[in-house]
Amino acid sequence: MARMSILVLVVGAVIVGLILSSRSARADMPKEGDAAPAFETEMVVGDQVKPIKLSDYAGRRVVLYFYPKDQTPGCTKEACAFRDGYAELAKAGVEVLGCSVDSAKAHKDFIKKYGLPFPLLLDPDKKIATLYGAANGIPVLGLNRRITYVIDEKGSIIKVYPQVDPALHAGEILQVLNGLPPLATPTASASAAPLAKPK
């Protein structure tokens with residue numbers, strides 16, 4: 001009986017810890033209107049690993065989406081939805097960046113298997129996920145929360161999706177983007193001209 005009571009207390013403490021951890025991650029999420037936290041890391045594009053900074057995308061809109069794990073059912077649905085809507089997103093002047101704690105090899109395999117045309121960021125130490133309130137969304141496994149940010153051409157967060165339906169999410173984002181004015185074409189003298197797209 002004593003062992004059962006101890007077990008119940010331990011399980012209860014773990015559940016409370018998970019709830020509190022989840023709540024604190026939500027409290028730390030940047031909000032619409034905030035400047036998007038800057039980051040610098042590496043990304044996997046096709047089968048190559050290249051450096052990336054958020055500032056590389058100045059002058060363009062960015063969809064930055066966090067997901068738990070490559071090749072899992074929900075994450076595959078979400079990635080494939082972004083893949084299928086990618087041409088339309090690109091036409092709207094939008095770059096898509098996925099981010100999880102997976103390795104470069106896992107990202108390469110995921111990109112190859114599903115033909116993903118956008119980069120996946122490397123964030124093994126969860127620095128980027130922590131900045132965006134996505135770290136430890138599944139605390140027992142140390143995986144990210146599923147959350148998405150839409151960042152405008154000036155680097156401000158214009159939309160946050162803390163609850164995501166993986167299959168419908170890309171369509172939701174397109175609806176929001178279609179309601180925005182088109183990106184201005186910068187002149188040669190413009191100080192905020194877009195940088196060259198990372199290859």
Side-chain angles (χ1 to χ4, degrees), residues 25 29-30 36-58 60-138 141-151 155 157 159-162 164-174 177 194-199:
M29 283 172 40
F39 62 78
E40 186 171 351
T41 186
E42 291 182 315
M43 63 179 173
V44 177
V45 186
D47 64 351
Q48 298 184 359
V49 178
K50 300 185 174 184
I52 179 177
K53 299 186 296 246
L54 181 60
S55 59
D56 292 339
Y57 294 87
R60 283 172 285 165
R61 294 172 180 150
V62 173
V63 170
L64 174 61
Y65 82 96
F66 294 89
Y67 63 97
K69 189 154 183 60
D70 292 341
Q71 313 248 25
T72 54
C75 299
T76 298
K77 266 188 203 168
E78 187 173 18
C80 289
F82 277 120
R83 176 201 65 199
D84 296 345
Y86 187 75
E88 207 172 337
L89 287 163
K91 198 167 157 189
V94 179
E95 303 287 345
V96 176
L97 303 173
C99 187
S100 75
V101 299
D102 290 289
S103 67
K105 183 182 183 320
H107 278 348
K108 286 178 185 178
D109 291 346
F110 194 34
I111 287 168
K112 183 176 180 182
K113 183 171 182 180
Y114 294 101
L116 306 181
F118 50 85
L120 298 178
L121 307 183
L122 294 173
D123 190 29
D125 51 10
K126 305 180 201 167
K127 283 184 182 173
I128 303 169
T130 299
L131 287 172
Y132 283 85
N136 294 322
I138 307 173
L141 302 176
L143 302 178
N144 289 345
R145 285 181 64 203
R146 195 181 303 282
I147 181 170
T148 299
Y149 293 87
V150 181
I151 302 165
I157 294 170
K159 189 74 180 166
V160 181
Y161 293 90
V164 172
D165 180 327
L168 304 176
H169 190 42
E172 289 176 323
I173 290 172
L174 274 168
L177 293 168
L195 302 171
K197 183 176 178 181
K199 300 194 178 188

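A distance of 10.0 Å separates OG1 of Thr76 from CZ of Arg83, quoted to the nearest 0.5 Å. The distance from the CG atom of Asp47 to the NE2 atom of His107 is 14.5 Å, given to the nearest 0.5 Å. If you take CD1 on Ile151 and NZ on Lys159, they are separated by 14.5 Å, rounding to the nearest 0.5 Å. The NZ atom of Lys108 sits 13.0 Å away from the CG atom of Asp70 when rounded to the nearest 0.5 Å. Summarising the geometry, atom NZ belonging to Lys50 is positioned 12.0 Å from atom CG belonging to Asp56; distances are rounded to the nearest 0.5 Å. Taken from CZ in Phe66 to CD1 in Ile147, the straight-line distance is 8.0 Å, to the nearest 0.5 Å.
Shown here for Pro162 and Met29, the closest heavy-atom pair between the two residues is CB-CE, 3.8 Å. The shortest heavy-atom contact between Ala81 and Pro166 is CB-O, 3.9 Å. Considering all non-hydrogen atoms of both residues, Val49 and Ala104 come closest at CG2-CB, 4.0 Å. Of all the heavy atoms in Cys99 and Asp123, the pair that sits closest is SG-CB, 3.7 Å. Across Ile157 and Pro30, no two heavy atoms sit closer than the pair CD1-CB, 3.4 Å. Tyr67 and Asn144 make their closest contact through O-CB, 3.6 Å (heavy atoms, listed as atom of the first residue, atom of the second, distance).
Few gaps surround CD on Gln71; more than 12 heavy atoms of other groups in view lie less than 6.0 Å from it.
Residues Cys75 and Ser100 form no side-chain contact, since every pair of their non-hydrogen atoms from C-beta on lies 4.5 Å or further apart. Put simply, the side chain of Tyr57 reaches to within 4.5 Å of the side chain of Ile52, judged on heavy atoms.
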Q: Decide yes or no on side-chain contact (heavy atoms from CB on, under 4.5 Å) for Glu172 and Thr148, but give the supporting numbers first.
A: CA-CA 11 Å; Glu172 289 176 323; Thr148 299; over 6 Å; no
Q: Step by step, work out the side-chain contact (heavy atoms from CB on, under 4.5 Å) result for Leu116 and Phe82.
A: CA-CA 8 Å; Leu116 306 181; Phe82 277 120; over 6 Å; no
Q.
If you apply the rule side-chain contact (heavy atoms from CB on, under 4.5 Å), what do you find for Lys126 with Val101, and how did you get there?
A. CA-CA 7 Å; Lys126 305 180 201 167; Val101 299; 3.8 Å; yes
Q: Show your working on side-chain contact (heavy atoms from CB on, under 4.5 Å) between Leu64 and Leu121 and close with a plain yes or no.
A: CA-CA 10 Å; Leu64 174 61; Leu121 307 183; 3.9 Å; yes
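By the 30° and 60° cut-offs, the orientation of the rings of His169 relative to Tyr161 is perpendicular. Between Tyr86 and Phe118, the ring planes lie tilted relative to each other; the angle falls in the 30° to 60° range.
Here Tyr114 and Phe110 bring their ring centres to under 6.0 angstrom of each other.
Checked by atom type and distance alone, the side chain of Tyr65 never pairs as donor or acceptor with a backbone atom of Val96 at under 3.5 Å. Listed for the Thr41 side chain is a donor-acceptor partner under 3.5 Å among the backbone atoms of Leu122.
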